[in-house]
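Position 1 is the first residue of the sequence; numbering continues from there.
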Amino acid sequence: MRTHTVRTVVTLAAAALLSAGLTTAYAAPTGQPSPSADHGVPPKPVLVDCFWKPQARPDAFILACGDANSRLSSLHWSTWNGRTAVARGVNFVNDCKPYCAKGTFRSYPVIVRLDRPEPWKKDPKVEHFTRISLVFTGERPDGYERVMTTPLWN
């Protein structure tokens, strides 16, 4: 009986953590930054999330849209310009052991770099970052390199 109670508490806590992460990522600031009123400077590139919403300097971002088994949180941006964006944060990754539904989310400190801005297919007047690199500054998930670089969706 005690094992069942502990298992239920752990499952509920994991569900709450995942739900909080999804809510945070979905509630992150959205919308395209507006052009500078004084000089007509075009807006800086955005980061397009899993819900096809453009974001600037989000504090959270889901990397694995299909199952949310990898997400960024506590992002603090030091750079966000027309060519690149850089932040420090935490990558929460499900270890999927023994399988993903029973897995454990583990946290890894990372430096996030966005680059390669291109016109967004949904709105070609808006540029979006098309590549993300994660630099693991300490431990990293099994099978991950110290630097992981991957294209972002359009």
Side-chain angles (χ1 to χ4, degrees), residues 1-33 44-81 83-118 120-123 126-154:
M1 182 70 153
R2 180 163 169 73
T3 302
H4 179 70
T5 302
V6 170
R7 197 174 300 158
T8 300
V9 168
V10 169
T11 301
L12 290 174
L17 178 65
L18 180 58
S19 175
L22 290 173
T23 302
T24 302
Y26 189 73
T30 60
Q32 172 186 341
K44 293 179 176 134
V46 296
L47 179 60
V48 178
D49 69 13
C50 295
F51 304 100
W52 289 82
K53 303 287 183 205
Q55 301 182 44
R57 296 180 178 261
D59 61 0
F61 185 75
I62 297 173
L63 293 169
C65 289
D67 56 16
N69 278 329
S70 179
R71 59 186 165 77
L72 299 170
S73 186
S74 302
L75 295 174
H76 299 283
W77 298 94
S78 58
T79 303
W80 192 288
N81 60 42
R83 294 181 312 158
T84 189
V86 178
R88 286 189 171 271
V90 178
N91 185 200
F92 288 96
V93 180
N94 187 345
D95 65 11
C96 291
K97 293 178 183 175
Y99 51 92
C100 292
K102 291 254 183 185
T104 301
F105 278 88
R106 304 198 185 279
S107 61
Y108 304 93
V110 291
I111 297 171
V112 178
R113 179 183 168 92
L114 306 173
D115 62 9
R116 293 194 178 170
E118 294 180 6
W120 186 22
K121 290 178 184 175
K122 183 176 177 185
D123 184 351
V126 174
E127 285 200 333
H128 71 107
F129 291 111
T130 62
R131 185 170 72 169
I132 187 169
S133 297
L134 302 179
V135 179
F136 292 90
T137 59
E139 290 186 43
R140 59 185 183 260
D142 290 343
Y144 282 52
E145 298 292 326
R146 190 177 89 70
V147 178
M148 299 292 293
T149 300
T150 187
L152 289 166
W153 45 88
N154 295 317

K.L.:
Given side chains that start at C-beta, do those of V126 and V48 come closer than 4.5 Å, heavy atoms only?
P.N.:
no
K.L.:
Kindly assign one of parallel, tilted or perpendicular to the pair W120 and W52, based on the angle between their ring planes and the thresholds 30° and 60°.
P.N.:
parallel
K.L.:
Quick one: closest heavy-atom pair of N81 and F129, and the distance?
P.N.:
O-CZ, 3.8 Å
K.L.:
With side-chain hydrogen bond (donor to acceptor under 3.5 Å, both in side chains) as the test, pick out the partner of N91 among S70, S73, S107.
P.N.:
S70
K.L.:
Check W77 against P58 and note the closest heavy-atom contact, atom names and distance.
P.N.:
NE1-O, 2.7 Å
K.L.:
Nearest 0.5 angstrom please: N69 CG to F92 CZ, how far?
P.N.:
13.5 Å
K.L.:
Taking the side chain as every heavy atom from C-beta outward, state whether V46 and H128 have any pair of such atoms under 4.5 Å apart.
P.N.:
yes
K.L.:
Could you check if a side-chain atom of I111 sits within less than 4.5 angstrom of a side-chain atom of R88, using non-hydrogen atoms only?
P.N.:
yes
K.L.:
Quick one: is the NZ or CZ of R140 closer than 6.0 Å to the six-membered ring centre of Y108, and within 45° of its axis?
P.N.:
no
K.L.:
Give, for atom CZ of R83 and atom CD of E127, the distance between the pair rounded to the nearest 0.5 Å.
P.N.:
12.5 Å
K.L.:
I need the R131 CZ to T84 OG1 distance, nearest 0.5 Å.
P.N.:
9.0 Å
K.L.:
Quick one: are R113 and V135 in side-chain contact, heavy atoms under 4.5 Å?
P.N.:
no
K.L.:
Quick one: do T137 and V110 satisfy side chain to side chain contact (heavy atoms under 4.5 Å, CB included)? Show the steps, please.
P.N.:
CA-CA 6 Å; T137 59; V110 291; over 6 Å; no
K.L.:
Would you indicate whether the side-chain heavy atoms of N94 and D67 approach each other to under 4.5 Å?
P.N.:
no
K.L.:
Any heavy-atom pair between the side chains of F61 and C50 that's under 4.5 Å?
P.N.:
no
K.L.:
Do I62 and D49 come within less than 4.5 Å of each other through their side chains, counting heavy atoms only?
P.N.:
no
K.L.:
Of the non-hydrogen atoms in Q55 and A60, which two are nearest, and what is the gap between them?
P.N.:
OE1-O, 4.0 Å
K.L.:
What's the shortest heavy-atom distance between L47 and L152, and which atoms?
P.N.:
CD1-CD1, 3.7 Å
K.L.:
Out of the candidates D115, T149, L72, only one should pair with I132 under the side-chain contact (heavy atoms from CB on, under 4.5 Å) rule; please name it.
P.N.:
L72
K.L.:
Do the non-hydrogen side-chain atoms of L63 and M148 ever get within less than 4.5 Å of each other?
P.N.:
no
K.L.:
For the CG atom of L114 and the CZ atom of R116, what is their distance to the nearest 0.5 Å?
P.N.:
13.0 Å
K.L.:
Ignoring hydrogens, what is the shortest heavy-atom contact between P141 and V93? Give both atom names and the distance.
P.N.:
CG-CG2, 3.9 Å
